[in-house]
Amino acid sequence: MEEREISQAVIRRLPRYYRYLGELLENGVERISSNDLSKRMKVTASQIRQDLNNFGGFGQQGYGYNVKYLYTEIGKILGLEQHHNIIIIGAGNLGQALANYADFEKRGFILKGIFDVNPTLADVSIRGVPVRMMDELEQFVRENDIEIGVLTIPKTKAVEVANNLVNNGVRAIWNFAHIDLNLPENVIVENVHLSESLMRLSYNISRYHEEHKESK
Ligand SMILES: NC(=O)c1ccc[n+]([C@@H]2O[C@H](COP(=O)([O-])OP(=O)(O)OC[C@H]3O[C@@H](n4cnc5c(N)ncnc54)[C@H](O)[C@@H]3O)[C@@H](O)[C@H]2O)c1
């Protein structure tokens, strides 16, 4: 397939296609038209066709999409056919909740280690993965081919820890701390901010009330 830049907007929609196609597969559906997929996903059929055309268009006229093929191809595009070794830094509320989420492994993300500075957590294991102290971090990262560091530490520590991870070879950061990390360009960062999502919800609630005021 010809290499071309895919817009971030399309990339953001791909995981949702992947999830719907995965559910169809689980239900034994072998093919689906863009119209059917459109009804299920509440996205226009033309948007679906446009999005999926980015990857050479897997659909066939009069046949629709081969669900398994499309699921596999999108999985490949998302890099999910490879294993990614991850570590979590910060074994507090959020770090432990993430570590407990077994579905990551299903998608190829292998939780190799959990780190913290709090010695009272040194005896804790989550799904068989022990919490290690930070003085073990550098060696652990080098020896375990760690690709992704998950930051669930206070924001005041996040920049220093992120730099430390990068200096030891970590190439991607899943950042939950509410701070911009400003890392070198070759480091991939994905910021997750639940509070921003909540603000969008709040905005939509306000807008809904505003729009329905007159009809009351
Ligand atoms: N992005 C989001 O949507 C979201 C949601 C909730 C929390 N958060 C953020 O995630 C972070 C963790 O939140 P929490 O509720 O789990 O906090 P928490 O206090 O329960 O856990 C933080 C953990 O980090 C450890 N820690 C502190 N400094 C460290 C360091 N230098 N190295 C390693 N470990 C260190 C602490 O010992 C503690 O166990 C905070 O920055 C919080 O603001 C983000």
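When a ligand or atom number is given, it counts from 1 through the structure's own listing order. The model shown is predicted, which means the values in this text are computed figures rather than measured ones.
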Next on the checklist: Between Glu73 and Lys76 (salt bridge meaning N to carboxylate O under 4.0 Å), is one present in this structure?
Outcome noted: yes
Next on the checklist: Tell me if the centroids of the rings in Phe104 and Trp174 come within less than 6.0 Å of each other.
Outcome noted: yes
Checklist entry - Under 4.5 Å between side-chain heavy atoms, hopping through other hydrophobics if needed: is there a path connecting Leu165 to Ile114? => result no
Item to check | Separation of Arg132 CZ from Ile88 CD1 (nearest 0.5 Å) | outcome: 13.0 Å
Next on the checklist: So if I only count non-hydrogen atoms and take anything under 4.0 Å from ligand 1, which residues does that give, chain by chain?
Outcome noted: Ile89, Gly90, Ala91, Gly92, Asn93, Leu94, Asp116, Val117, Asn118, Leu121, Met134, Thr152, Ile153, Pro154, Lys155, Lys157, Val161, Phe176, Ala177, His178, Val192, His193, Leu194
Next on the checklist: Tell me which one of Ile153, Asp116, Val117 satisfies side-chain contact (heavy atoms from CB on, under 4.5 Å) with Ile89.
Outcome noted: Ile153
Item to check | Identified side-chain contact (heavy atoms from CB on, under 4.5 Å) counterpart of Val170 within the set Ile86, Leu183, Ile146, Ile148 | outcome: Ile146
